[in-house]
Amino acid sequence: MIALGVVLAVLTLIAFTRIGVYARRDSRGVLVKLKIGLFWITIFPEKERRPKKAAARQKPKATPEKPAAKPKRKFKFAFWMIWELWQALKKTLARLFRAIRVDRLSLRLTAGGSDCAGAAALYGRLHMAVGSAYPLVRGLFRIKKCDIAIGLDYTLASTAVLGEIKLSVSIGRMVVFGVQSLAIFFAFYRKYRKSIGKEAAAHG
């Protein structure tokens with residue numbers, strides 16, 4: 001019983017462990033980090049690696065000729081398959097998105113350029129795009145802190161895009177999503193195989 005309790009405690013701890021991503025683009029450059037529990041791993045920029053010593057050249061070995069492979073049956077994808085997959089996965093994806101927690105979302109868009117009229121027009125389009133997209137993003141994810149600003153600066157040579165995002169999701173949620181997605185794909189594949197069999201029988 002003690003061993004079972006320890007196993008359940010470990011599985012519970014793993015399920016509640018959060019994995020996430022932190023990305024930032026500012027005047028210093030681009031930074032991307034991966035979070036696993038309490039640990040952060042820098043993905044970009046990569047650390048400089050020491051050059052490896054050149055390995056001694058080896059003589060190429062003669063590879064035996066492989067027998068010709070049998071032609072595989074191609075998977076024909078149709079529009080109705082995409083539509084059915086989307087309908088089946090829509091609710092599962094919505095639950096996953098709502099499980100993703102965005103701790104910080106910051107975006108700075110500054111329209112600029114040598115053409116003042118073009119920069120002003122771009123400034124208006126950016127306002128329209130952000131105003132249309134923000135409610136959708138807010139409905140998909142749980143955003144705790146959000147800061148979006150759009151500016152206009154004629155002294156800039158081009159449009160500047162700066163931002164920062166920090167998001168995470170629990171491993172348990174990812175496992176549930178993976179299991180549900182596999183079940184949906186297997187059900188869809190069985191349905192596809194049945195339709196192929198009916199078509200073959202009709203043509204036969």
Side-chain angles (χ1 to χ4, degrees), residues 10-49 82 85-115 118-185:
V10 171
L11 291 177
T12 303
L13 180 63
I14 293 174
F16 281 96
T17 300
R18 302 189 73 83
I19 56 176
V21 174
Y22 173 79
R24 185 191 70 217
R25 186 179 190 274
D26 55 14
S27 58
R28 293 171 291 180
V30 178
L31 175 66
V32 181
K33 288 185 176 183
L34 175 66
K35 179 187 179 184
I36 303 176
L38 301 175
F39 303 97
W40 288 93
I41 303 171
T42 301
I43 304 298
F44 185 87
E46 296 182 354
K47 294 181 180 179
E48 295 183 359
R49 298 179 180 178
I82 301 174
L85 272 178
W86 165 246
Q87 292 297 318
L89 287 171
K90 186 167 60 174
K91 292 182 179 179
T92 305
L93 284 171
R95 286 193 291 267
L96 175 64
F97 289 152
R98 291 302 298 172
I100 296 175
R101 189 182 71 201
V102 181
D103 296 313
R104 192 182 313 143
L105 174 61
S106 175
L107 183 62
R108 293 285 185 276
L109 301 173
T110 306
S114 57
D115 184 6
L122 178 60
Y123 173 77
R125 289 196 295 269
L126 289 175
H127 260 289
M128 291 179 60
V130 172
S132 301
Y134 180 72
L136 297 175
V137 175
R138 194 83 185 185
L140 285 175
F141 304 99
R142 292 184 296 144
I143 302 176
K144 299 182 68 176
K145 185 179 179 181
C146 182
D147 182 19
I148 299 177
I150 303 172
L152 178 62
D153 189 351
Y154 295 119
T155 63
L156 292 177
S158 60
T159 300
V161 180
L162 305 176
E164 182 182 24
I165 186 170
K166 181 182 178 183
L167 55 86
S168 63
V169 64
S170 66
I171 293 178
R173 286 285 187 178
M174 292 298 296
V175 171
V176 170
F177 171 74
V179 171
Q180 291 176 344
S181 300
L182 282 176
I184 291 171
F185 277 112

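Starting from 1, each residue takes its place in the sequence as its number.
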How many angstroms lie between atom [atom1] of [X] and atom [atom2] of [Y], to the nearest 0.5 angstrom?
X: Ile82; Y: Gln87; atom1: CD1; atom2: CD; value: 12.5 Å
X: Ile184; Y: Leu89; atom1: CD1; atom2: CG; value: 4.5 Å
X: Leu107; Y: Arg25; atom1: CG; atom2: CZ; value: 11.0 Å
X: Tyr154; Y: Thr110; atom1: OH; atom2: OG1; value: 13.0 Å
X: Ile171; Y: Ile14; atom1: CD1; atom2: CD1; value: 7.0 Å
X: Ile148; Y: Leu126; atom1: CD1; atom2: CG; value: 12.0 Å

Practice item. Given side-chain contact (heavy atoms from CB on, under 4.5 Å), test Phe39 with Leu34 step by step and report yes or no. Key: CA-CA 8 Å; Phe39 303 97; Leu34 175 66; over 6 Å; no
Review point. Can you tell me if CG on Leu136 sees more than 12 non-hydrogen neighbours from other groups inside 6.0 Å?
Key: yes
Which atom pair, heavy atoms only, marks the closest approach of [X] to [Y]?
X: Ala15; Y: Ser170; value: O-CB, 3.5 Å
X: Ala111; Y: Ala119; value: CB-O, 3.6 Å
X: Cys146; Y: Ile143; value: CB-CG2, 3.8 Å
X: Phe177; Y: Thr92; value: CD1-CG2, 3.4 Å
X: Val32; Y: Val30; value: CG2-CG1, 4.2 Å
X: Thr42; Y: Lys33; value: OG1-CE, 3.7 Å

N/O donor-acceptor pairs under 3.5 Å from side chains in residues 155-166, not counting sequence neighbours:
{"unit_1": "Thr155", "atom_1": "OG1", "unit_2": "Asp153", "atom_2": "OD1", "d": "2.5"}
{"unit_1": "Thr155", "atom_1": "OG1", "unit_2": "Asp153", "atom_2": "OD2", "d": "3.2"}
{"unit_1": "Glu164", "atom_1": "OE2", "unit_2": "Tyr22", "atom_2": "OH", "d": "2.3"}
{"unit_1": "Glu164", "atom_1": "OE2", "unit_2": "Arg104", "atom_2": "NH1", "d": "2.9"}

Check your understanding: Do the side chains of Ile19 and Val169 get nearer than 4.5 Å, heavy atoms only?
Key -> yes
Check your understanding: If we only count heavy atoms from C-beta on, is the Met174 to Leu96 side-chain gap below 4.5 Å?
Key ->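 Yes, their side chains come closer than 4.5 Å.
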Review point. By ring pair (Phe, Tyr, Trp, His ring centres under 6.0 Å), which residues pair with Phe97, not counting sequence neighbours?
Key: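 Listed in chain order: Phe141.
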Review point. Donor-acceptor pair, Arg173 side chain versus Ala99 backbone, under 3.5 Å?
Key: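 Between the backbone of Ala99 and the side chain of Arg173 there is no qualifying donor-acceptor contact (under 3.5 Å).
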Check your understanding: Does Ser168 offer a backbone N or O that forms a donor-acceptor pair with the side chain of Arg101 under 3.5 Å?
Key -> no
Exercise for review: Give the intermediate values and the outcome of side-chain contact (heavy atoms from CB on, under 4.5 Å) for residues Phe185 and Leu85.
Suggested key: CA-CA 8 Å; Phe185 277 112; Leu85 272 178; 3.8 Å; yes
